[in-house]
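What follows is a short report on a single structure.
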Amino acid sequence: MRFAAIADIHGNHLALEAVLADIRAQRVEEIVNLGDFFSGPLEAGRTADLLMPLGLTSVRGNHDRYLIEQDPAAMHASDAAAHRQLTPPHLDWLRGLPFDIVYRGEVYLCHATPKDDNLYWMESVSPEGFVFLKPIEAIEALAEGIDLPLILCGHSHITRAVRLSDGRLIVNPGSVGCPAYDDELPYYHKVEAGHPLASYAILETTAGGWTWQFRTVAYDHMAMSALAAERGRADWASALAMGWVR
């Protein structure tokens, strides 16, 4: 089996177009999508129109949930900006997506963790705002009961692979459309790729088990940075231009 995993597009249709082109160039025919498709000050509607006809195996992320559960007047800025662009069919599509799913009988997919769509699986945040790899025991505790060889998650936007002590593999493909952000919870912190490229992963079975390849793809990130700036989001403009929040 060989397929691509994408996550955290966040309304960046240009990044998505570039990643889809690269996946085709790698002759990969199947793609799974790990959520957070639209939230952000970019092009949620255009992203939805590009993504939905593909019929990808997809799970719903925390920001996707906010778009269908929260009152638009109560949404944070990125979700509210996306919600204004989405049509009833777009929102109905989100409502029909599962929290998690098993792909082809051997790959577990979720956005963040099996029980919480707003918790980093492989990272912790210190009170000082440092983001670091959790101890393997903590990572394994969240994987309890998932008797599958490959586990995929997104949410943190950090490309990472961890092999558990029993041989299972957990992979986060990184973010297609949002290379840096800041967040208030559980403590104020920043996640920064340090580059503006779009990220995804290719997963493949071999005689030795599952392997992964992280790929980064160039696209017109400055066009999206300019759009974010035009819409009053200096944080997004910086993230898209440089991969740092300034």
Side-chain angles (χ1 to χ4, degrees), residues 1-9 15-37 51 54-59 61 98 100-114 119-124 131-179 191 193-219 243:
M1 192 191 313
R2 184 168 181 258
F3 66 96
I6 63 175
D8 296 287
I9 302 164
L16 177 59
E17 287 174 349
V19 163
L20 293 174
D22 192 73
I23 291 170
R24 289 192 295 270
Q26 300 307 308
R27 298 186 178 182
V28 176
E29 296 183 355
E30 298 188 29
I31 306 170
V32 301
N33 193 352
L34 303 174
D36 277 6
F37 316 112
L51 190 61
L54 300 177
L56 306 182
T57 298
S58 301
V59 294
D100 59 1
I101 198 169
V102 174
Y103 174 68
R104 290 194 171 272
E106 58 181 302
V107 185
Y108 176 79
L109 311 179
C110 69
H111 176 67
T113 68
L119 174 69
Y120 297 147
W121 194 324
M122 293 183 281
E123 294 83 24
S124 288
V131 180
F132 59 95
L133 180 66
K134 285 178 180 174
I136 190 169
E137 293 82 5
I139 296 172
E140 289 180 331
L142 292 170
E144 186 176 354
I146 302 174
D147 188 22
L148 295 166
L150 178 62
I151 297 168
L152 300 182
C153 65
H155 188 55
S156 73
H157 299 204
I158 298 172
T159 53
R160 193 184 295 281
V162 169
R163 184 79 70 181
L164 303 184
S165 57
D166 61 6
R168 287 176 296 168
L169 177 67
I170 304 180
V171 175
N172 185 325
S175 174
V176 169
C178 181
V191 173
H195 64 76
L197 303 183
S199 298
Y200 79 99
I202 296 174
L203 294 308
E204 185 172 7
T205 49
T206 68
W210 282 98
T211 63
W212 68 93
Q213 177 189 3
F214 293 130
R215 293 189 61 80
T216 51
V217 184
Y219 71 100

Heavy-atom side-chain contact between L203 and V32 under 4.5 Å
no
side-chain contact (heavy atoms from CB on, under 4.5 Å) partners of I101, counting only residues at least two apart
T57, V59, P98, L109
Contacts of type side-chain contact (heavy atoms from CB on, under 4.5 Å), residue A15, not counting sequence neighbours
N12, V176, A198, Y219
Mind checking the OH-CG spacing from Y120 to L133? Nearest 0.5 Å is all I need.
14.0 Å
Check whether any side-chain heavy atom of T216 lies under 4.5 Å from a side-chain heavy atom of T159, and answer yes or no.
no
Pair listing, salt bridge (Lys or Arg N to Asp or Glu O under 4.0 Å) test, anchored in residues 164-177, at least two apart:
D166-R168
Between A112 and W121, the two heavy atoms sitting closest are O-CE3, 3.2 Å
Looking at every non-hydrogen atom in both residues, tell me the closest pair between M122 and V171 and how far apart they are.
CE-C, 4.3 Å
Excluding sequence neighbours, so at least two apart, what forms side-chain hydrogen bond (donor to acceptor under 3.5 Å, both in side chains) with R163?
none
Atom OG1 in T211, atom CG in L169: separation rounded to 0.5 Å?
9.0 Å
Would you give the length of the straight line joining atom OG1 of T113 to atom CG of L119, rounded to the nearest 0.5 angstrom?
4.5 Å
Could you note down all residue pairs passing side-chain hydrogen bond (donor to acceptor under 3.5 Å, both in side chains) where residues 137-154 supplies at least one of them, sequence neighbours left out?
E140-S165
Who pairs with P173 by side-chain contact (heavy atoms from CB on, under 4.5 Å), at least two apart in sequence or on another chain?
A5, A7, L34, A201
Can you list the residues that meet the side-chain hydrogen bond (donor to acceptor under 3.5 Å, both in side chains) rule with Y108, with sequence neighbours excluded?
D100
What distance separates R24 CZ from I31 CD1, expressed to the nearest 0.5 Å?
8.0 Å
Taking salt bridge (charged side-chain N to carboxylate O under 4.0 Å, His left out) as the test, write out the residues that go with E106, two or more places apart.
none
Please report the closest heavy-atom contact between P114 and I146, naming both atoms and the distance.
CG-CD1, 3.4 Å
Any heavy-atom pair between the side chains of L56 and I6 that's under 4.5 Å?
yes
Interatomic distance, N33 atom CG to L51 atom CG [nearest 0.5 angstrom]
5.5 Å
Name all residues meeting the side-chain contact (heavy atoms from CB on, under 4.5 Å) criterion together with A138; count only those two or more places apart in sequence or in a different chain, and write none if there are none.
K134, P135
Identify each donor-acceptor pair in which a side-chain atom of residues 150-158 lies under 3.5 Å from a protein atom, sequence neighbours left out, and give them as a table.
unit_1, atom_1, unit_2, atom_2, d
H155, ND1, N62, OD1, 3.4
H155, ND1, H111, NE2, 3.1
H155, NE2, N118, OD1, 3.4
S156, OG, E123, OE1, 3.1
S156, OG, I158, N, 3.2
S156, OG, N172, ND2, 3.1
H157, ND1, C178, O, 2.9
H157, NE2, D8, OD1, 3.2
H157, NE2, H10, NE2, 3.3

Looking only at heavy atoms, what is the nearest atom pair of A143 and I170, with distance?
CB-CD1, 4.5 Å
Mind checking what makes salt bridge (charged side-chain N to carboxylate O under 4.0 Å, His left out) contact with R2, not counting sequence neighbours?
E204
Return the set of residues passing side-chain hydrogen bond (donor to acceptor under 3.5 Å, both in side chains) with D22 (not counting sequence neighbours), or none when no residue passes.
Y200, R215
